[in-house]
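Numbers here are sequence positions counted from 1.
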Amino acid sequence: MGSIRLMAPCHFGMEAVLKREVTDLGYEIDEVVDGRVTFIGDEDAIAKANINLRTTERVLVRVAGFEARTFDELFESVKALEWERYIPKNGRFWVAKANSVSSQLFSPRDIQRIVKKAIVERLKQTYELDIFPEDGADYPLRISIVKDFVTIGLDTTGESLHKRGYRKYTAPAPLTETLASAILLLSPWKADRVLVDPFCGSGTIPIEAAMIARKIAPGMKRSFLAERWCEDAQGSTGRSGHFSDGDMLITSSFALKESFERIRKEAEEQVIKGGEPLQIAGYDIDDEVIRYARANAELAGVEADIHFQRRDVAEFSSPKKYGFVVTNPPYGERLSDKNEMKSLYRLISDRIADDPSWSWFILSGYEDAEKDIAKKVTKRRKIYNGMLKTYLYQYMGDKPPKRR
């Protein structure tokens, strides 16, 4: 069986969570850098990673890595790659995204243009064509240049993995599903413990928690680009295609579509149906977003596992001990008045003080959050939510007594 290098991007600050997810799938970690985990997979890895990983935005085949300081070097290095092993004669290909950090090549638009031109020149020679039909499957590419080192990835996912398919209704400034899952997996919360989100909005955190507890794979109900790829990546050349990166090789003579179907079926068999009821709740002061949350939970198949209710955080209390609050309170544009934010975060501080047995995980971009909560934070973790710098404030409660 061959092997393949796959890259999974994630939110900056959540690399350790994604690394653990990949390891739990049984794959070897190759490299961990800011915002990305690279791992070695087998022939099922493309399907298994897309269907099962909760905290990555997409899964990329690592095509190549090389240094380039000029556009001539970039062009020649890209042209030298065996693109016919990745893109069939009728494949539709383009550079979907390019970014550059601390590099001499810094214009994303020019990087995209040069890479596309180099691939076209290579495939013209291979397929003996001047014009490509591009009426086949999609093969989008992503280019990252960091300190003049170019990394090229072929996207197997398509629409971002945070789009699970259940969130049809959204409240203002929603938290992405991938970041919600990352925070939950970072916390010590387990399915037998109480979990509450007092600012649940459209329900993302409670829904992701229920999916984790029920072992519902996040990609189980959606499709992926790689499912539509040709079985023979060489197109009409008659040779068996493969993905390669140095000595790491995966043949593509198997049907990726069949692999996805089998892995998806395996995921469906892992779902926990029935069993002990979950203790997950979502509260919000807006009746309309509570209706959104219930509708989304129904689409996700976890409506019976979550109690949604209109409730102000000022009224938050629970007779149960050793519970968890995982939440993303309003900040920034959602609360334009700084005095209003100060009052809200001091109210959160009061609720934390009400029961020292509870643990709180608060994601916020409000600059005075820690100051206004006015309680010694157990741990503070910087997380980039897109381009927005936020912090995850962890206030750990008392440890529950050991069970016999």
For [X], look at atom [atom1] and say whether over 12 heavy atoms of other residues, nucleotides or ligands are found less than 6.0 Å away.
{"X": "Leu129", "atom1": "CG", "answer": "yes"}
{"X": "Lys215", "atom1": "NZ", "answer": "no"}
{"X": "Phe106", "atom1": "CZ", "answer": "no"}
{"X": "Arg380", "atom1": "CZ", "answer": "no"}
{"X": "Lys19", "atom1": "NZ", "answer": "no"}
{"X": "Lys163", "atom1": "NZ", "answer": "no"}

Do [X] and [Y] have a side chain donor and acceptor closer than 3.5 Å?
{"X": "Asp372", "Y": "Tyr366", "value": "yes"}
{"X": "Thr156", "Y": "Asn50", "value": "yes"}
{"X": "Tyr345", "Y": "Ser364", "value": "yes"}
{"X": "Thr390", "Y": "Asn385", "value": "no"}
{"X": "Asp44", "Y": "Ser259", "value": "yes"}
{"X": "Tyr166", "Y": "Glu208", "value": "yes"}

Q. Given Thr23 and Arg20, is the side-chain contact (heavy atoms from CB on, under 4.5 Å) satisfied, shown in steps?
A. CA-CA 5 Å; Thr23 302; Arg20 187 169 73 237; 5.6 Å; no

For [Y], is there an ion pair with [X] - N to carboxylate O distance below 4.0 angstrom?
{"X": "Glu177", "Y": "Arg167", "result": "yes"}
{"X": "Arg294", "Y": "Glu303", "result": "no"}
{"X": "Asp305", "Y": "Arg214", "result": "yes"}
{"X": "Glu84", "Y": "Arg122", "result": "yes"}
{"X": "Glu370", "Y": "Lys376", "result": "no"}
{"X": "Asp368", "Y": "Lys371", "result": "no"}
{"X": "Arg69", "Y": "Glu67", "result": "yes"}
{"X": "Glu268", "Y": "Lys265", "result": "no"}

**Q.** Ring-face cation of Arg311 near Tyr283 (centre distance under 6.0 Å, axis angle within 45°)
**A.**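 Yes, a cation-pi geometry holds between Arg311 and Tyr283.
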
**Q.** Tyr395 six-ring face occupied by Lys375 cation (under 6.0 Å, within 45°)
**A.**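 Negative - Lys375 is either too far from the ring of Tyr395 or too far off its axis.
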
Within the distance-only criterion (no hydrogens, no angle test), does the side chain of [X] pair as donor or acceptor with the backbone N or O of [Y] below 3.5 angstrom?
{"X": "Thr378", "Y": "Met396", "result": "yes"}
{"X": "Thr56", "Y": "Pro9", "result": "yes"}
{"X": "Glu15", "Y": "Gly35", "result": "yes"}
{"X": "Arg193", "Y": "Gln279", "result": "no"}
{"X": "Gln104", "Y": "Asp148", "result": "no"}
{"X": "Trp229", "Y": "Asp138", "result": "yes"}
{"X": "Asp284", "Y": "Gly201", "result": "yes"}
{"X": "Arg62", "Y": "Ile4", "result": "no"}
{"X": "Thr38", "Y": "Asp30", "result": "no"}
{"X": "Trp358", "Y": "Lys320", "result": "yes"}

Q: I would like to know whether Asp42 and Tyr27 meet side-chain hydrogen bond (donor to acceptor under 3.5 Å, both in side chains); could you show each step before the answer?
A: CA-CA 8 Å; Asp42 58 15; Tyr27 297 123; 3.1 Å; yes

4.5 Å side-chain heavy-atom contact, [X] and [Y]:
{"X": "Val150", "Y": "Ser144", "value": "no"}
{"X": "Val313", "Y": "Arg351", "value": "yes"}
{"X": "Arg381", "Y": "Gln394", "value": "yes"}
{"X": "Asp286", "Y": "Tyr292", "value": "no"}
{"X": "Asp354", "Y": "Ser317", "value": "no"}
{"X": "Ser107", "Y": "Leu105", "value": "no"}
{"X": "Glu31", "Y": "Arg36", "value": "yes"}
{"X": "Lys321", "Y": "Asp355", "value": "yes"}

Q: Apply side-chain hydrogen bond (donor to acceptor under 3.5 Å, both in side chains) to the pair Thr70 and Asp72, showing each step before the final yes or no.
A: CA-CA 5 Å; Thr70 68; Asp72 284 342; 5.2 Å; no

Q | For the student: nearest non-hydrogen atoms of Pro198 and Val196, plus distance | A |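 Heavy atoms only, the tightest pair is CD-O, 3.7 Å.
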
Q: Output, in order, the C-alpha distance, side-chain angles, deciding distance and verdict of side-chain contact (heavy atoms from CB on, under 4.5 Å) for His307 and Ile280.
A: CA-CA 6 Å; His307 172 65; Ile280 300 173; over 6 Å; no

Q: Going by the side chain to side chain contact (heavy atoms under 4.5 Å, CB included) test, name the single residue among Ile362, Val377, Leu186 that passes it with Leu392.
A: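 Result for side chain to side chain contact (heavy atoms under 4.5 Å, CB included) with Leu392: Leu186.
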
**Q.** Aromatic ring proximity Phe316/Trp360, centre distance under 6.0 Å
**A.**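 Under 6.0 Å, so yes.
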
(Q) Would you say the ring centers of Trp83 and Tyr139 fall short of 6.0 Å from each other? (A)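 Centroid separation for Trp83 and Tyr139: 6.0 Å or greater.
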
Q: Begin with the C-alpha distance, continue with both residues' side-chain angles, and end with the deciding distance and a verdict on side-chain hydrogen bond (donor to acceptor under 3.5 Å, both in side chains) for Asp197 and Thr327.
A: CA-CA 5 Å; Asp197 180 359; Thr327 192; 2.6 Å; yes

